[in-house]
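Labels below follow one simple rule: chain letters A, B, ... track the order of the sequence lines, proteins then strands, and each chain is numbered from 1. Just so you know, these numbers use all the heavy atoms, side chains as well, and skip hydrogens, waters and symmetry mates. Just so we're clear, the structure is a prediction, and the values are computed from it rather than from any experiment.
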Amino acid sequence: MISISKLLCGLDAEGDGLRYDAAGESAKPQITDHKQRRPVVVWNLTKQCNLSCSHCYAAADTETADGELTTEEGRRVLDDLADYGVPVVLFSGGEPLVRDDLPELIEYADASGIRPVLSTNGTLVTPDIARELREAGLKYAGISVDGLPERNDAFRGRDGAFDAAVRGIRACLDAGLKTGLRYTITERNAADLPAVVALLHDEGVDRFCFYHLDYGGRGAGIVDADLSPEEKRAAVKQLCDLTRRYHDHDDEIETLLVGNYADAAYLVEYAREHLSEARAERIDDYLRRNGGDPTGERVADIDYQGNVHLTQFWQNYSLGNVRDRPFSALWDDESNPLLRALRSREQRLSGRCADCQYQNICRGASRLRALAVHDDPFAPDPQCYLREDEIAPTV
Amino acid sequence: MAEQSNWSRVGEQPRDAVDREWEVFVRSETTDPLQHVGSVSAPTIEAARTQATALFGRYATDLWLCPAADVRRYSRTTIDERAVSIDPAKERDERGHSA
């Protein structure tokens with residue numbers, strides 16, 4: 001996760017300690033005071049969802065699936081995650097709110113010292129539910145909207161989904177829950193981006209997370225809806241410009257990018273062109289500390305049946321299952337040659353990544369897209385949009 | 001008979017999050033033991049092999065695939081609520097009875 005608002009505008013945020021080992025610079029309470037040592041864990045509580053989004057990495061369904069982890073098994077998993085030092089659990093789905101025990105699991109995570117956060121489509125969030133979640137200890141709700149109403153509803157497979165999500169956002173904000181937008185950028189909705197930010201900012205939202213499409217689950221079936229690398233570059237530039245405009249008007253929105261660490265290199269290039277060389281160097285330093293693409297390192301996923309994945313998008317490969325072996329043991333087991341290789345990937349990245357001057361802040365970006373397109377987890381990410389002159393090694 | 005104690009049979013709950021699940025085993029050198037390295041989701045054995053070799057082919061001289069649903073799992077530490085405790089005395093009796 002790359003914070004545009006932190007890097008380009010100096011926004012002080014509660015994730016800076018975790019993300020950049022920069023808690024000491026912050027005046028805000030931090031998620032952790034030290035750099036992240038254990039992964040943020042996404043837990044897909046259920047396969048069931050009331051919507052049918054065309055880019056869903058979890059390939060969610062309207063029906064529940066057999067073999068979902070029970071409440072008690074979930075508590076045991078959370079015990080292991082807490083003992084292991086996992087800082088954050090992101091409850092996701094499917095749609096996590098279809099599970100009645102969500103507040104109970106949130107409360108258990110919070111009491112165990114794990115920060116519970118939520119990814120939801122927002123359409124099931126009522127004022128009562130929002131209050132219940134906040135009282136259970138939920139620290140953040142990320143609500144997915146993928147375009148202006150007509151486009152969002154087509155993408156999400158249901159008329160009225162946009163309005164229902166906005167009602168959910170209002171309910172969360174009214175309950176005092178920190179609430180943000182989740183937006184997956186594709187060629188279908190890239191043009192809507194500024195208008196959606198403006199609309200939700202008017203509703204009181206001040207945190208906006210923009211996801212690049214990764215090629216997992218149903219996302220693998222809509223690769224043709226992904227932006228071209230050139231369009232991707234333009235979309236990211238648009239977000240950088242937009243963030244700076246808001247901050248110039250004292251609207252301190254938080255904007256973040258997820259899913260393509262070519263963005264890290266681009267932000268350095270952007271700062272060099274639009275801000276200053278000193279600022280670019282400072283950003284480069286933050287991004288080195290951040291550590292680049294987190295696959296197999298700083299993000300992990302447990303699906304609803306207990307399979308452990310390298311990130312939430314890697315649903316087709318599992319390290320093992322928490323019913324057989326604790327998450328901590330699976331994650332620490334570097335006898336697995338793929339896990340070991342991903343954690344020392346600098347020696348293995350090939351093609352244009354091999355000598356890229358930004359390799360240490362990008363680390364090859366999405367290994368899943370490389371695998372999907374080249375059948376090789378160490379090939380270049382097909383969605384790297386950096387120019388040859390930008391990636392050339394400096395002499 | 002301590003080695004026969006405290007075993008549970010892990011519940012045979014589905015693990016096919018995306019597609020059929022296939023357990024993957026690899027051996028790097030011919031002198032190495034076969035190692036379990038996780039599982040892949042794929043609709044057919046051919047698709048599973050393609051995926052597994054893309055992920056592990058560079059580390060393996062041998063690669064085995066097994067349908068996850070056909071693996072019988074026994075554990076002393078599972079969190080599986082549907083795990084069934086194995087009663088060694090009962091099993092001994094049953095073995096004796098059938099012998």
Item to complete: Report the C-alpha distance between D80(B) and Q13(B) in whole Å, list the side-chain angles of each, state the deciding distance to 0.1 Å, and finish with yes or no for side-chain hydrogen bond (donor to acceptor under 3.5 Å, both in side chains).
Response: CA-CA 9 Å; D80(B) 189 343; Q13(B) 306 194 57; 2.8 Å; yes
Any donor-acceptor N/O pair, [X] side chain to [Y] backbone, under 3.5 Å:
X	Y	answer
E95(A)	N121(A)	yes
R345(A)	R363(A)	yes
R348(A)	A354(A)	no

Relative to chain B, which segment of [X] carries a heavy atom at a distance below 4.5 Å: side chain, backbone, both, or neither?
X	result
N336(A)	both
N307(A)	side chain
L319(A)	backbone

Discussion item. Just by distance, no angles: are the side chains of T311(A) and D301(A) close enough, under 3.5 Å, to form a donor-acceptor pair?
Written reply: no
Discussion item. Heavy-atom pairs under 4.5 Å with chain B - which of D376(A), D324(A), D375(A) has more of them than the others?
Written reply: D324(A)
Worksheet item: Between S335(A), G67(A), P337(A), which shows the greatest number of heavy-atom pairs under 4.5 Å with chain B?
Response: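 The residue among S335(A), G67(A), P337(A) with the greatest pair count is P337(A).
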Discussion item. Quick check on the interface: out of E21(B), R58(B), R73(B), R82(B), who has the most heavy-atom pairs with chain A under 4.5 Å?
Written reply: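 With the most close heavy-atom pairs to chain A, the winner is R58(B).
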Worksheet item: Looking at V10(B), T50(B), D16(B), which has the largest count of heavy-atom pairs under 4.5 Å with chain A?
Response: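 Among V10(B), T50(B), D16(B), the one with the most close pairs to chain A is D16(B).
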Worksheet entry | Members of residues 23-36 of chain B whose heavy atoms come closer than 4.5 Å to chain A | Q35(B)
Worksheet item: For the residue pair F327(A) and W331(A), does the interplanar ring angle fall in the parallel (under 30°), tilted (30 to 60°) or perpendicular (over 60°) class?
Response: parallel
Worksheet item: Under 30°, 30 to 60°, or over 60°: which ring-plane class applies to F91(A) and W43(A), parallel, tilted or perpendicular?
Response: tilted
Worksheet item: Y215(A) and D226(A): side-chain hydrogen bond (donor to acceptor under 3.5 Å, both in side chains), yes or no, with the steps?
Response: CA-CA 10 Å; Y215(A) 299 168; D226(A) 202 0; 2.7 Å; yes
Response to the item:
Here the gap from Y304(A) atom OH to T46(A) atom OG1, rounded to the nearest 0.5 Å, amounts to 8.0 Å
